[in-house]
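Scroll down for the structure; my scribbles are underneath it.
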Amino acid sequence: MNFQRLTIKQIHQGLIEKKFSAQEVVESYFQRIEKVEQKIKAFLTIDKDSAISQAREVDEDISKGKNVPLLAGVPFAVKDNILVKGLPCTAGSRILENYKAVYNATVIEKLKRERAIVLGKTNLDEFAMGSSCENSAFQKTCNPYDLSRVPGGSSGGSAAAVAAGEACFSLGSDTGGSVRQPASFCGVVGLRPTYGAVSRYGLIAFSSSLDQIGPITNNVEDAKIVFDVIKGKDKKDSTSIEPKPKTRSTENDAKLEACKFKFGVPKEYFSEEIDKEVREAVRKMIEKIHNEGAEINEISLPHTMYGIPCYYIISASEASANLARYDGIRYGREIPEGKDLSLFDAYLKLRGEGFGSEVKRRIMLGTYALSAGYYEAYYLRAQKVRGLIKQDFDEAFRKVDAILAPVAPTPAFRFGEKTDNPLQMYLSDILVVPASMAGLPALSVPCSKSGDLPVGIQIIGRAGEEDAIFEIGKMIEKIVSKNNNI
Ligand code: GLN
């Protein structure tokens with residue numbers, strides 16, 4: 001049986017009705033990995049034995065008539081910057097090449113409690129810095145739709161794994177778009193949760209005021225299921241928050257039609273710099289949503305253009321502080337021994353050899369932006385502009401319930417297309433960075449194709465209103481399947 005396209009609920013149903021076993025499900029994913037992984041290169045680590053023994057335990061409990069949770073036996077992949085106890089966690093960097101996690105991230109604890117099964121760890125841009133997976137120190141993951149193209153980044157391995165049928169779902173992290181953009185490039189669903197909705201404990205820190213872990217799935221319903229498990233306040237992450245109490249009554253929820261939402265379409269997200277085909281694909285979808293009876297308003301988010309400079313100052317500054325801990329003493333790669341190196345020279349050598357060029361670029365940029373005399377001119381100013389970006393959204397959400405926009409300016413680009421020009425690469429984040437800066441939840445859902453390549457639509461919601469954007473995402477899925485245009 002082919003389990004690859006089953007939803008989480010379908011897997012659960014099949015298991016409890018004993019149509020198939022968890023072992024069969026997990027084994028079928030490993031068979032798929034064996035078949036396609038040489039081409040896709042989504043995984044950095046695979047954990048077959050432990051996955052199969054966990055699946056057997058699930059099967060045993062089912063055969064004894066015990067109730068098992070919805071995610072029991074469901075196989076998933078984890079971005080290699082999230083700690084899974086006992087497995088390597090490299091963050092895609094040589095500096096952590098030999099590091100093994102000694103504890104589970106909170107999200108992993110929660111998923112394991114539900115008895116979901118880790119298949120392995122997926123490739124990423126080094127320390128999640130990048131938009132194509134080309135900054136990984138280990139391998140280049142390929143886009144399953146076109147192997148000559150990137151899967152997006154930085155959670156490219158996680159998105160490609162789901163798109164290629166190598167995992168039922170995966171976890172990524174989104175600092176400035178790293179779940180949404182690869183999801184869009186690979187034709188899958190990706191959620192960036194509200195800042196604080198999901199614990200960051202056990203996520204290797206890149207930019208702490210922006211980092212969020214989010215699910216990558218085949219469909220919106222699965223994204224909601226995974227999000228509902230991983231969300232919630234965690235005493236190990238002081239920035240995590242209690243989920244917002246439901247504002248709409250359950251009775252209303254049952255009747256709630258997504259077309260009752262008021263939508264905003266920001267004109268800045270459809271500028272000339274955005275690929276014409278992408279603009280047209282997203283516009284067409286918005287038209288169809290309108291035809292379903294939804295109210296659509298053009299809105300303005302005037303500070304959008306400052307998103308990139310601001311994001312790259314703030315994230316690089318925070319990264320320079322967060323990455324100071326990789327000194328060869330506490331984690332990973334060891335400080336070179338033997339020769340008469342002073343401690344300072346040993347640090348230079350270790351960090352010089354251990355970090356790739358993009359990471360070094362950001363450490364230098366961030367250290368500069370935080371240094372005395374420049375802090376006010378760069379970091380502080382960027383924080384103030386961040387406030388303005390957030391105000392744009394606050395203003396918009398007084399008039400509309402959700403914002404619809406493209407995810408990325410182009411579909412998946414070719415390997416090497418942007419590697420010589422870091423600014424070009426940074427600009428590809430222009431449509432995903434603002435929601436990150438404002439701490440808002442945003443969902444990427446496949447909406448069309450440009451040639452053979454998937455194009456996603458982005459739904460940005462009010463803080464804490466993931467349920468609303470899931471509802472809208474489901475409506476978009478219905479429209480797509482009705483039109484059969486993907
Ligand atoms: N592409 C962005 C960057 O390089 C976003 C990365 C992310 O969200 N982790 O910083």
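Both ligands and their constituent atoms are indexed starting at 1 by order of listing. One-based numbering along the sequence shown.
- Residues passing the side-chain hydrogen bond (donor to acceptor under 3.5 Å, both in side chains) test with Ser317: none are found, sequence neighbours excluded.
- Counted by atom type alone, Ser184 and Ser444 present zero donor-acceptor pairs between their side chains at under 3.5 Å.
- Checking Ser178 against Ser154 by side-chain atom types alone, a donor-acceptor pair falls below 3.5 Å.
- More than 12 heavy-atom neighbours from other residues, nucleotides or ligands sit within 6.0 angstrom of CG on Asn421.
- In this structure, the side chain of Glu318 engages the main chain of Ser209 through a donor-acceptor pair within 3.5 Å.
- Using a 4.0 Å heavy-atom criterion, the residues that approach ligand 1 are Ala128, Met129, Gly130, Ser131, Ser154, Asp174, Thr175, Gly176, Gly177, Ser178, Phe206, Tyr311, Tyr312, Arg362, Asp429.
- Aromatic rings of Phe127 and Phe206 (six-membered ring for Trp) have centroids beyond the 6.0 Å cut-off, not under it.
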